[in-house]
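Worksheet for the structure shown next.
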Amino acid sequence: MVEPSALTRHLEALQDAADANGGNRADATRGYEASAAYVEEQLRAAGYEPRRQEFSYGRRNPVDAFNVLADTGSSSGGVLVLGAHLDSVEEGPGINDNGSGVAAVLEVALRLAEEGSVSRERILFAFWGGEEDGMHGSDHYVEQLSRKEAAAHVAYLNVDMVGSPNAAAFVFDGDGSDSEEAGPEGSGDIERVFQDILRAEGVQALPVGFIGDSDYDAFVKAGIPSGGLFTGDVGTKSEAEARTFGGQAGERYDECYHQACDTIKNVDMAVLEQMTETLMSATVSLGGIEDGLAKGAATEEGAG
């Protein structure tokens, strides 16, 4: 189970990083560096070996930036990537956008390590830089993959804004049945996994198209099956959505989107907890995760 206090602790650390560094965590700033250092510290304490993947973007005034990556180690299977962008806009601390996604991905990584889970696939946890300036971090990650490496990616799960204060539950329309923006082959299966998990919790998630506005875009263009979770940004909640999810019809999902008021007070913690639990369940399903401790005990009994 995901501990709400752990999610709060992650958001508090990101808020502190912004507060101590000019009120934001934008790419290539001290606020971003502090955010990355916190994520790396948490991952190391859990037994991972985080690394920085450096890249640059912009021609006239190049920006030197980096992604933070960590994984579960080698496996005989493919690669399952969980990704969230780590940077904020310059206008604010970006705690829903996208501290919420960072907290969710980080907490899944920590819980899997704590439980001694082993997986069929290698699970890569990615914290992207440069998203707010044009999704440069995820673009770089995908661009540097060889054809063989790209083919080994079984799925990409994007987590961007999953604690919106006037939330609806959206999953990406992998099979294109409800939008004109379908994902690559296999994306429909990811959509169904998310829908089934949420449906079991009494939530009828709504499909949203891949419109190129977050870090899934590079993976979709590379033909890697993709999906993810989203709870709304500048769009306006409909009457039907308000009846389904609660909240206020006629108002934005997040009135503080890309503003200074996107603080920890802007995050609906119950929504974030539910989305994190959903991400955990999807990772278990798509990653072929077993209980490593139970498996180890069974092996020892058989060895006698």
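All heavy atoms count here, side chains included; hydrogens, waters and symmetry mates do not.
Here the closest heavy-atom approach between residue Arg252 and residue Asn166 is recorded as O-ND2, 3.1 Å. When all heavy atoms are compared, the tightest approach of Gly250 to Thr236 is C-CG2, 3.3 Å. Across all their heavy atoms, Asp64 and Ser56 have their closest contact at OD1-OG, 2.7 Å. When all heavy atoms of Asp139 and Ala218 are compared, the pair lying nearest together is OD1-CB, 3.2 Å. Scanning both residues, Ser138 and Asp215, for their nearest heavy atoms gives OG-OD1, 2.6 Å. Ala70 and Leu124 make their closest contact through O-CD1, 3.3 Å (heavy atoms, listed as atom of the first residue, atom of the second, distance).
Judged by distance alone, the side chain of Thr29 and the main-chain N or O of Ala26 form a donor-acceptor pair under 3.5 Å. At least one donor-acceptor pair under 3.5 Å links the side chain of Ser187 to the backbone N or O of Pro184. Under the 3.5 Å distance criterion, the side-chain polar atoms of Ser35 are matched with a main-chain donor or acceptor of Gly31. Here the side chain of Asp262 pairs a donor or acceptor atom with the backbone of Asn96 at under 3.5 angstrom. Under the 3.5 Å distance criterion, the side-chain polar atoms of Arg25 are matched with a main-chain donor or acceptor of Pro93.
Counting only residues at least two apart or in different chains, ring pair (Phe, Tyr, Trp, His ring centres under 6.0 Å) contacts with residues 174-209 are absent. Sorted by first then second residue, the salt bridge (Lys or Arg N to Asp or Glu O under 4.0 Å) pairs that include residues 70-83, not counting sequence neighbours, are Arg51-Asp71, Asp71-Arg122. The salt bridge (Lys or Arg N to Asp or Glu O under 4.0 Å) contacts involving residues 192-206 comprise Asp175-Arg192, Asp189-Arg192, Asp196-Arg199, where partners must be two or more places apart or lie in separate chains.
Clustering ILVMFWY residues whenever any of their side-chain heavy atoms sit less than 4.5 angstrom apart, transitively, puts Tyr57 in a cluster other than the one holding Leu145.
Applying the 6.0 Å contact sphere to CD of Glu185 captures no more than 12 heavy atoms from other residues, nucleotides or ligands. In the displayed structure, Glu49 atom CD is contacted under 6.0 Å by at most 12 heavy atoms of other residues, nucleotides or ligands. By the 6.0 Å contact criterion, CD on Glu255 is enclosed, its count of non-hydrogen atoms from other residues, nucleotides or ligands being greater than 12.
Two rings, from Phe66 and Phe55, have their centers 6.0 Å or more apart. Ring-centre distance between Tyr216 and Phe172: below the 6.0 Å cut-off. Annotation: Tyr141 is in aromatic contact with His153 [ring centroid separation under 6.0 Å].
Val89 forms part of no hydrophobic cluster, judged by ILVMFWY side-chain heavy-atom separations under 4.5 Å. Cluster partners of Met1, using a side-chain heavy-atom cutoff of under 4.5 Å among ILVMFWY residues and allowing indirect links: none.
Going from atom CD1 of Ile95 over to atom CG of Leu272 covers 11.5 Å, rounded to the nearest 0.5 Å. In this structure, the separation between CD1 on Ile211 and CD on Glu181 is 7.0 Å, given to the nearest 0.5 Å. The OH atom of Tyr253 sits 8.5 Å away from atom CG of Asp233, with the distance rounded to the nearest 0.5 Å. The CG atom of Asp160 sits 10.0 Å away from atom CE of Met135, with the distance rounded to the nearest 0.5 Å. The CD atom of Glu132 sits 11.0 Å away from atom CG of Asn24, with the distance rounded to the nearest 0.5 Å. Remark: Ser164 OG to Phe245 CZ distance equals 12.0 Å, nearest 0.5 Å.
Salt-bridge check for Arg52 with Glu33: passed, with a basic side-chain N closer than 4.0 Å to an acidic carboxylate O.
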Would you sort out whether Val102 and Phe127 count as a side-chain contact (heavy atoms from CB on, under 4.5 Å), showing the intermediate values? CA-CA 7 Å; Val102 169; Phe127 303 88; 4.0 Å; yes
Walk me through whether Leu106 and Leu43 qualify under side-chain contact (heavy atoms from CB on, under 4.5 Å). CA-CA 8 Å; Leu106 179 59; Leu43 291 168; 3.8 Å; yes
For Asn266 and Asp254, what are the C-alpha separation, side-chain angles and deciding distance, and is it a side-chain hydrogen bond (donor to acceptor under 3.5 Å, both in side chains)? CA-CA 8 Å; Asn266 188 49; Asp254 184 353; 3.0 Å; yes
Would you sort out whether Leu110 and Gln42 count as a side-chain contact (heavy atoms from CB on, under 4.5 Å), showing the intermediate values? CA-CA 8 Å; Leu110 300 186; Gln42 295 293 304; 3.9 Å; yes
Step by step, would you call Phe210 with Asn158 a side-chain contact (heavy atoms from CB on, under 4.5 Å)? CA-CA 11 Å; Phe210 290 103; Asn158 194 66; over 6 Å; no
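Applying the side chain to side chain contact (heavy atoms under 4.5 Å, CB included) test to Arg30 and every residue at least two apart in sequence or in another chain returns Asn21.
Using a 3.5 Å distance cut-off with no hydrogens or angles, the side chains of Tyr48 and Glu40 do not pair a donor with an acceptor. Side chains of His258 and Asp97: a donor on one and an acceptor on the other come within 3.5 Å.
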